[in-house]
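Below: one structure, written as structure tokens.
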Amino acid sequence: MSSPSKCPICGKPAVPQFRPFCSAPCRDRDLLNWLGESYKVPGQVNDDEAERPLDNPDSDRL
């Protein structure tokens, strides 16, 4: 028998309805962390992306 998983946000036991979270607020907090770029996936920066001006992301399409 496996031990119950814990919510990655608060550490409380996960609830099947919101797995791997314990509740809707923790699930929503995780989504906000992704959208707010609190979580980042490591990788290399593409030189083309680094040089593109931020005010006009479609400048290469002109």
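Just the heavy atoms: all of them, side chains too, but no hydrogens, waters or symmetry mates, feed the values below.
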**Complete:** Between F21 and C7 the two heavy atoms that sit nearest each other are CA-SG, 3.9 Å
**Message:** Are there over 12 heavy-atom neighbours, none belonging to R29, within less than 6.0 Å of that residue's CZ?
**Reply:** no
**Asked** Does anything in residues 17-26 pair up under side chain to side chain donor-acceptor pair (under 3.5 Å), and if so which pairs, sequence neighbours excluded?
**Response** S5-R19
**Request:** Go through the structure and list residues passing side chain to side chain contact (heavy atoms under 4.5 Å, CB included) with K6, not counting sequence neighbours.
**Result:** none
**Asked** Which heavy-atom pair separates C22 from P13 by the least distance, and what is that distance?
**Response** CB-O, 3.3 Å
Which pairs would a plain distance check flag for residues 30-37, meaning a side-chain donor or acceptor within less than 3.5 Å of a matching protein atom at least two apart in sequence or in another chain?
unit_1 : atom_1 : unit_2 : atom_2 : d
D30    : OD1    : Y39    : OH     : 3.0
N33    : ND2    : Y39    : OH     : 3.2

